[in-house]
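To start, the structure itself, in structure tokens.
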Amino acid sequence: MPRLAAALRGLAVAAAALLTVTVTAVPSSAAAGTEPGPSARPKEFVALRDVDPTVIQEMRYVTPHTFLGVPVDGYLRPNCLLTRDAARALHRAQLSFLKRGYSLKVYDCYRPQRAVDHFVRWAEDLGDQRMKGEFYPRVDKTRLFDDGYIAARSGHSRGSTLDVTLVRLPAVPTRPYVPGEPLTPCYGPKAARFPDNSLDMGTGFDCFDTLAHTLDPRIHGKQRKNRLLLKNGLERAGFENLPEEWWHYTFKPETFPDTYFDFPVE
């Protein structure tokens, strides 16, 4: 009997150990039916270059040519990351534009939460106005939160949103920004704005001004035509525009509609 009891105890211990291994082998997120953790890069994210290397990438936030005047936290490489669904949809749109002599150009794609936090800290620092002359000449910095230009969360952090424009082919590269160079308003005539190889959309990228609203009635002629060219082409591929920013598009349905990631861009 003692030997039988010992054997039974041994079987119980082995069964418990096997149960432990079986349970822990299943990720807690999968077991709970939740999204991956915000600091982990899930397999659903891809580099746009691996899906469509023809889309021009001018990733602004890894450079000092930003409304902050410095590179943004979390951008370690000039690399557009998107969810696979969004990247494939952008590829479909790009094929259509290439046939018409244009190329898409992205300024920003996935944006880590740490970058959004950097935006918030900058907006709260009212003494830092170094880039006001270009990006928000007519907006008081105290209004950036109330007017919706800065927020604590960004759809970019979910991976299906990008900032994008159109370039006529063959494309001539945009010259680098030189820190400290004279600034000109982002809403001025194209010839007076910072040079950009984009079609004339009426304002520059990241222009904190109502003139950047996609269908602002003051935008007409060629500028309106260019905005609608971009908008119609991306909408056919499944993207939706943010009415306040002509450059801002989100692919729907989003792969991660409720998750804000924080892994770096690298």
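Quick caveat, the model's predicted, so the values are computed rather than measured.
Ser157 contributes a side-chain N or O that, together with a main-chain N or O of Arg111, makes up a donor-acceptor pair within less than 3.5 Å. A side-chain donor-acceptor contact under 3.5 Å links Lys132 to the backbone of Val139. The main-chain N or O of Tyr177 is never found under 3.5 Å from a side-chain atom of His65 such that the two would form a donor-acceptor pair. Within the 3.5 Å criterion, the main-chain N or O of Val172 finds a donor-acceptor partner in the side chain of Asn197. When atom types are taken as modelled, the side chain of Asp85 and the backbone of Phe251 share no donor-acceptor pair closer than 3.5 angstrom. Looking at Tyr136, its side chain never comes within 3.5 Å of a backbone N or O of Leu144 through a donor-acceptor pair. Without hydrogens or angle criteria, Asp163 side chain to Asp108 main chain gives no donor-acceptor distance under 3.5 Å. Judged by distance alone, with hydrogens and angles left aside, the side-chain atoms of Glu235 form no donor-acceptor pair with the main-chain N or O of Asn232 at under 3.5 Å. Side-chain atoms of Asp262 never come within 3.5 Å of backbone atoms of Pro112 as a donor-acceptor pair (strictly under, hydrogens ignored). Under the 3.5 Å distance criterion, the side-chain polar atoms of His213 are left unmatched by any main-chain donor or acceptor of Pro243.
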Exercise. After noting the C-alpha distance and the side-chain angles of Phe67 and Tyr149, does the key distance pass the ring-ring contact (aromatic ring centres under 6.0 Å, His included) rule?
Worked result: CA-CA 11 Å; Phe67 56 86; Tyr149 294 113; 9.8 Å; no

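A salt bridge links Glu240 with Lys252: the distance from a Lys NZ or Arg NE/NH1/NH2 to an Asp or Glu carboxylate oxygen falls below 4.0 Å. A salt bridge does not link Asp140 to Arg143: none of the charged nitrogens lies less than 4.0 Å from a carboxylate oxygen.
Taking a 6.0 Å sphere around CZ of Arg121, one finds it holds more than 12 heavy atoms contributed by other residues, nucleotides or ligands. Within a 6.0 Å sphere centred on CZ of Arg218, heavy atoms belonging to other residues, nucleotides or ligands number more than 12. For Arg168, the CZ atom is loosely surrounded, since the number of other residues' heavy atoms within 6.0 Å does not exceed 12.
Of the inter-residue distances, the one linking Thr203 atom OG1 with Leu211 atom CG reads 6.5 Å to the nearest 0.5 angstrom. For the atom pair Gln113 CD and Phe119 CZ, the distance stands at 10.5 Å (nearest 0.5 Å). Taking CG of Leu242 as the reference point, atom NE2 of His248 lies at 4.5 Å (rounded to 0.5 Å). With rounding to the nearest 0.5 angstrom, the CZ atom of Phe239 is 9.0 Å from the OG1 atom of Thr161. Going from atom CG of Leu230 over to atom CZ of Phe97 covers 5.5 Å, rounded to the nearest 0.5 Å. Atoms OG and CZ, on Ser39 and Phe263 in that order, are 10.0 Å from each other to the nearest 0.5 Å.
Thr184 and Glu134 are not linked by any side-chain donor-acceptor pair at a separation below 3.5 angstrom, with hydrogens and angles left out of the test. Judged purely by distance below 3.5 Å, without hydrogens or angles, the side chains of Gln223 and Asp200 pair a donor atom with an acceptor atom. A side-chain N or O of Asp206 and one of Tyr61 form a donor-acceptor pair less than 3.5 Å apart. Between the side chains of Thr214 and Glu245, no donor-acceptor pair is found at a separation under 3.5 Å. Looking at Ser198 and Asp196, their side chains never bring a donor and an acceptor atom within 3.5 Å of each other. Counted by atom type alone, Glu254 and Thr83 present zero donor-acceptor pairs between their side chains at under 3.5 Å.
Under a hydrophobic-cluster definition in which Ile, Leu, Val, Met, Phe, Trp and Tyr are linked whenever side-chain heavy atoms come within less than 4.5 Å, directly or via other members, Val164 and Leu166 are assigned to the same cluster. Under a hydrophobic-cluster definition in which Ile, Leu, Val, Met, Phe, Trp and Tyr are linked whenever side-chain heavy atoms come within less than 4.5 Å, directly or via other members, Ile56 and Val265 are assigned to different clusters.
Taking the six-membered ring for Trp and thresholds of 30 and 60 degrees, Tyr107 and Phe205 have nearly parallel ring planes, at less than 30 degrees apart. Taking the six-membered ring where tryptophan is involved, the planes of Phe208 and Trp122 are perpendicular, since the angle between them exceeds 60° and thus also 30°.
Judged by the 6.0 Å and 45° rule, Arg84 forms no cation-pi pair with Phe45. Figure legend: Arg158 and Phe256 shown without cation-pi pairing, the cationic atom not lying both under 6.0 angstrom from the six-membered ring centre and within 45 degrees of its axis.
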